[in-house]
Amino acid sequence: MIPAAFEYIRAGSADDAFAQLQRLGADARVLAGGQSLIPAMRFRLARPAVLIDINAIKELSNIGIDNGRLTLGAVARDCAIERAPWIGERRWSLLHDASRVVADPVVRQMGTIVGSLCHNDPAGDWTTVALATRAEVVVRGKAGSRTVPIDEFLVDSFTTAVAEGEMATAVRFPVPGDRTAGSYQKVERKVGDFATAAAAVQVTLAEDGTIRDAGIALSAAGPCAVRVSEAEALLKGQKPTAEVIRGAAAAASKKSAPQADLRGSVAYKKNLAGVLVSRGLRQALARLGVQS
Amino acid sequence: MRVSIKVNGVAHERDVEPRTLLVYFLREHCGLTGTHVGCDTSSCGCCVVVLDGDTAVKSCTMFAAQADGREVSTVEGLAQGGALHPLQQAFWDNHGLQCGFCTPGMLMTSYALLKHKPNPSETEVREELAGNLCRCTGYNNIVKAVRQAAETLQAAPVQK
Amino acid sequence: MNLQYSGEEIIAADKAAVWKAITDPEWVGRCIPEVVDVTVRDATHFDAVAKVGVGPVRGNFKFRFELVPGASGDRMDMKISGGGFGSAVDLTAGADVSDAGGGQTKLSWSGQAVARGPVAAVGGRVLDAQAQKLISQTFANVRERLSRR
Amino acid sequence: MSIEATPKGSMGVAMKRKEDPRFLQGKGNYVDDLSFPGMLHMAIVRSPYPHAEIVNIDGSAALKVPGVKAVITGKDLEAAGLGWLPTFHGYDKQMVLAIGKVLFQYQEVAAVFAESRAAAADGAEAVEVEYKPLPVVADPFVAKQDEVLLRPDREAKTNHIYHWEVGDKDKTAQALGAAEKVIKQRIWFPRCHPAPLEPCGCVAQFDTMGRLTFHVTSQAPHVYRTAITIVTGIPEDKIRVISPDIGGGFGNKVPVYPGYVCAIVGALKLGRPVKWIESRTENLTSTGFARDYHMDVEIGARADGTVTALRVSTTADHGAFDAAADPTKYPAGMFGVVTGSYTFPVAHAEVDAYFTNKAPGGIAYRCSFRVTEASYAIERGMDILADELGMDPVELRRKNFVRKDQFPYASALGFTYDSGDYHRTLDVALEKIGYQALLKEQAEKRAKGELMGIGFSTFTEVVGAGPSKHFDILGIKMFDSAEIRIHPTGSGIVRAGTKSQGQGHETTWAQIVAEELGLDPQNIMVEEGDTDTAPYGLGTYASRSTPVAGAAIAMAARRIRERARKVAAHLMEVGEGDVEWKDYKFQVKGVPAKSVTMKEVAFAAYTNPGQNEPGLEATQYYDPPNMTFPHGAYVAVVDVDRETGEVKVRRFLAVDDCGTVINPLIVEGQIHGGLTEGFAIAFMQEIQYDKDGNNLNTNFTDYLVPTSLESPKWETANTVTPSPHHPIGAKGVGESPNVGSPAAFVNAVIDALSPFGVRHIDMPITRDKVWRAIRDSDPAKG
């Protein structure tokens, strides 16, 4: 299957890419990893007149930790997280888990985290992780760059806070404290599939062993990734007991509002939301040395 | 548009439409038909080639324009001086192929895998090959082959 | 795939004005969100090219419209078909037009979209959002344009 | 002349495959790798509607697309007398391009020819088709009611295609009525698709003399040649069909598809070669699907478990055309093997097939014509019976097996099973898997509330169609053929009417010839797939290559040996009767020191034949006296996650008996592959249609082919019961694992769920289905 014809522009710098976007407006699409866009173009569901390829822009492929933030540029690949030297640290366990189940291992060589956020598939993985970790996205607009908290970034299915002519240039994850661990629990029909359901969980413990902070988010549970703030509130300040975990899982199951599709029924997916949050919490806590 | 891509060490400069997928550039413009097309959705991995020496990519989900100025390795470049690459030899020894259609992609994914993980466990091989489908072998022998090749390569690395 | 939507609009215009507007294909065509071009074929048929932009699905798509006004002036039905490249999207929308008092008119509308072919198989989740937008926004635009007068 | 090496046997040797070096180096030659000067590309316009009248087709915009050369429609083809093409078993015909109306979603509506792949796609997009939707029938049980007539073109004004039955209906009913125990279950084998990784495709070209060369992904090139003659009227001598390397077939590449006819028409009309390569979407939505049998299974038994009767009534969904690639007299294929490995005194099986607004097919997906459906039905049925009787499913099977001393065994449904030793195969399986230890573990787990299941399938297959008195396709008897030429220096070439799609014929055929003639298999070249050079054969599907063509090759080699014997006698200056073939060479009887090798004889055949006819070659057409009946005992061990419904296949053991093994490496590879497809069918692969006739599994994101991570690790073993009627005792193996394994998987899952009283779940067994079965079960049992 062959895409409809288009004009190709390879941007030399972020400034260049942005200027082209501004010039071309709605006719142009940014090409990052292309792992969702190119198949859509092959089916001719997507038929942009111009592609602005940002893959060669060095400044957008950066991955770095500074000022308490992990910053990933717009063309930082999924696989870069899997291979990052710090990924084995406990505090990054949520990112670690997720990086191994996004798409398939070859697609991860090209796919990008920021691209996945911008695509905002309701069953995406990175959007869910970004919610649980309270990430923010750097969006370049006419008035310069601004930072958008992930909860505001994810607007609706396939719709984000990136407006026409704008581009997302990076995502920033706060560097979690030492007593933080996470877990990504995904049920998929096979490798490469979008989630039937998935839960991203991140927990920070206080000195006294209570939960200081928790991030809980679900994939495939609504128009886009869903934060289970009810579960987060339930957990905060509590000792991580089985009962508390059950409560959080129940809140997740209740909050989940999935669509029935080939991956499963609504009842099944709602059940999974609870099961996966529960498993995620238990695994995250186990990583912190707490058996629950 | 004009693109220049070094394929298996040989520069190929061609005029192509921007919509030319890398796989069709290789197959139809370079005449290298070892890289195959098995699906429309970036699912099957028959088209996997290696970019810049160590990155396995699905060449049906990348435009030739994106590879302009870069190096691509395909299955045709694996054997050197008439000798099969240890991966090819191991696939042969272990009956790691039947119809042969997925084989080039399997080999190239494995090639990149061994660059990153020279001594993968059986589970790691299964995980890393999960972007490549095979309908014939049931994967057992492919996994065996990759591990045999890993051993061979660790004992006597191929300079490439 | 089969998707259903419904809603209601209260328009600050009397029923006669509303009816006049929504039986005019050119006028209705201009209510379609992101419309680029309207070509009226006859009193009840027109083609519209609209810009679609949800997620990866982006571009100008052509839709064929048929207006089916009810004889009593209380109901307007609309058939919309689009597609191409082996796909078909058939939308039907209907609105009951009633006097809401105080010079206002109520449009109670419902619609459904049926998508077939690759667009449904590959772009189903995107399509849902788009079809909903197309139908609901069209009626919202009807309200807005009439209420502005 | 001298002998380089002592001749030795080649049978049973795990020889590495001869074809591999080219595949490993990207030098395979698949149809899409071909390119010819001036070649055009074809793209097909398809219907988004499952059932609709075609109001108008407007190709004018397409013709304005740069590079587009022509657009053809069903009307054009009908005018040329090419509107319809016969389906293989002759019960129906199929539209090439839709005429008047479309009958399934993604049906072929128009073909566009252009200078490039991209231009063809642009052209196809620009063709405007106006449809008027018609009511859709997407369910065979709705089709049965005949409220909407789908095929007014047919004489019979009904959606019913055929009724087929075998066995004694009355006696079966009586026996069921008298049985102490009767189980009844509706078992659906859902629609799935072989989905070989290489999609279907072709290149059609006419030379200046008007001769057609047709490269095509065909499992049966000779049958294609004849079919093309029947459809187009081009004389058969003016057609050369070549199947190049094929990237997997599994039955998908047996039928002749509309795209092929369009490509030939385009090449003729435009005077240039035309290539058509379907996309994955086209492959999954329009080419031959498999299964879609709704089977009502009833088994009668005595209280001690002895089976007394079997009745199976099937509703088959064939889609818009009856394109099932079955032999003419067998519209339901070999479904009569449904009595399986068991001694049913009476049985009755019937199949009623219906048209629906779905893609046509019903092909034998890694299956010898409906054997997979039959095997699944009986192996599920036996488990349900065991469950209801409170018996160990292993004991129930053992009790009812056909005994070794009963072969040849005449089944209640008319087959004569050639040979087998079911008890031994099962015993090997039980021992290797450690059945007793597994039972103990299962009991312990159940006590803890964990769900573990053990599932068996002890199937019998029927392959190698087939004896000419019963089997034909388009009237052509289902023999196969081989031609062998031995060259002066002791190498040779064998040509066969089969076509490997990964089965390794280039190696195994060479091994058969080498074994029979004492030659080096490395120097026996195998050529298949070119109708100009190979003798007429019916092709490779239904595990028939080894049973039929393999026999033909062995027999041809023996003909050569007989001719060589005369030359050997001449060389050794003795009478022909004094020469015996021993230790892979000719010896003078009782004088082992006096011998000549085949290599020496071959040289003499060209240089010093004496009074004998020079040269050394033979052709053999082989009409098998019977089918062969491979069997096996499979065990699956699964763990089920009760919260997510996830099924983990912890172990799977396949003990196969395919008779004589030619190459154990290849046999094991076939078993691994077949098991993986069986696994896929049991848990993942399905072509679903919604009630509106929309195909829901149109590409690899929703038609789920397992990866290395989902696929279990396979354990294999074998027993050998040679076929008494096959020249080398081989039975064929490619399909056994796909035929036998689905029931083992499902039986294991149902066993795991037995604490909940779950009796049956239709495939594919998804997590959602498992979870719901547990949820909806009797809470007291859980």
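Convention: sequence-line order gives letters A, B, ...; per-chain numbering from 1. Everything numeric in this text was worked out from a predicted model, so none of it was measured. Computation of the quantities below employed the complete heavy-atom set of this structure, encompassing side-chain atoms and omitting hydrogens, waters and symmetry-equivalent molecules.
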For the atom pair CG (Asp32(D)) and CZ (Arg27(B)), what is the distance rounded to the nearest 0.5 Å?
4.5 Å
How long is the gap from CG on Asn29(D) to OG1 on Thr33(B), to the nearest 0.5 Å?
7.0 Å
Under a 4.5 Å heavy-atom cut-off, does chain D meet the side chain of Leu84(B), its backbone, both or neither?
side chain
Is any NZ, NE, NH1 or NH2 atom of the basic residue among Glu76(B) and Lys27(D) found under 4.0 Å from an Asp or Glu carboxylate oxygen of the other?
no
Can you tell which part of Phe679(D) gets under 4.5 Å to a heavy atom of chain B, answering side chain, backbone, both or neither?
neither
Can you name the salt bridge (Lys or Arg N to Asp or Glu O under 4.0 Å) partners of Glu124(B), sequence neighbours left out?
none
Honestly, the part of Pro737(D) sitting under 4.5 Å from a heavy atom of chain B is neither
Is it true that Asp93(B) and Arg17(D) have a side-chain N and a carboxylate O under 4.0 angstrom from each other?
no
Option in Glu122(B), Met106(B), Gln89(B), Glu128(B) with maximal non-hydrogen atom pairs under 4.5 Å from chain D:
Glu122(B)
Under 4.5 Å between any side-chain heavy atoms of Arg126(B) and Thr707(D), yes or no?
no
Test item: Thr41(B) and Arg280(D) side chains (from C-beta on) under 4.5 Å apart, heavy atoms
no
Within a strict 4.5 Å, meaning less than it, do heavy atoms of the Gln98(B) and Gln670(D) side chains meet?
yes
Honestly, the part of Thr137(B) sitting under 4.5 Å from a heavy atom of chain D is backbone
Below 4.5 Å, heavy atoms only, C-beta onward: do Leu709(D) and Glu127(B) meet side chain to side chain?
yes
Any side-chain heavy-atom pair of Leu197(D) and Cys44(B) under 4.5 Å:
yes
Check: His95(B) and His672(D) side chains under 4.5 Å, non-hydrogen atoms
no
Would you mind telling me which of Cys99(B), Cys134(B), Gly100(B) has the largest number of heavy-atom pairs within less than 4.5 Å of chain D?
Cys99(B)
Using a cut-off of under 4.5 Å on heavy-atom pairs, state which of Ser43(B), Ser42(B), Gly131(B) scores highest against chain D.
Ser43(B)
Contacting moiety of Cys46(B), where chain D heavy atoms sit under 4.5 Å:
side chain
Which pair of heavy atoms, one from Phe700(D) and one from Cys39(B), lies closest together, and at what distance?
CD1-CB, 3.6 Å
Interface moiety of Ala130(B) toward chain D, non-hydrogen atoms closer than 4.5 Å:
both
Minimal non-hydrogen separation, Tyr30(D) against Phe101(B), with atom names
OH-N, 3.3 Å
Among residues at least two apart in sequence or on other chains, which ones pass ring pair (Phe, Tyr, Trp, His ring centres under 6.0 Å) with Tyr139(B)?
none
How about Gln88(B) and Gln25(D): do any of their side-chain heavy atoms sit closer than 4.5 Å?
yes
Based on non-hydrogen pairs under 4.5 Å, which of Leu129(B), Val143(B), Leu133(B) is most in contact with chain D?
Leu133(B)
Just wondering, are more than 12 heavy atoms of other shown residues or ligands nearer than 6.0 Å to NZ in Lys648(D)?
no
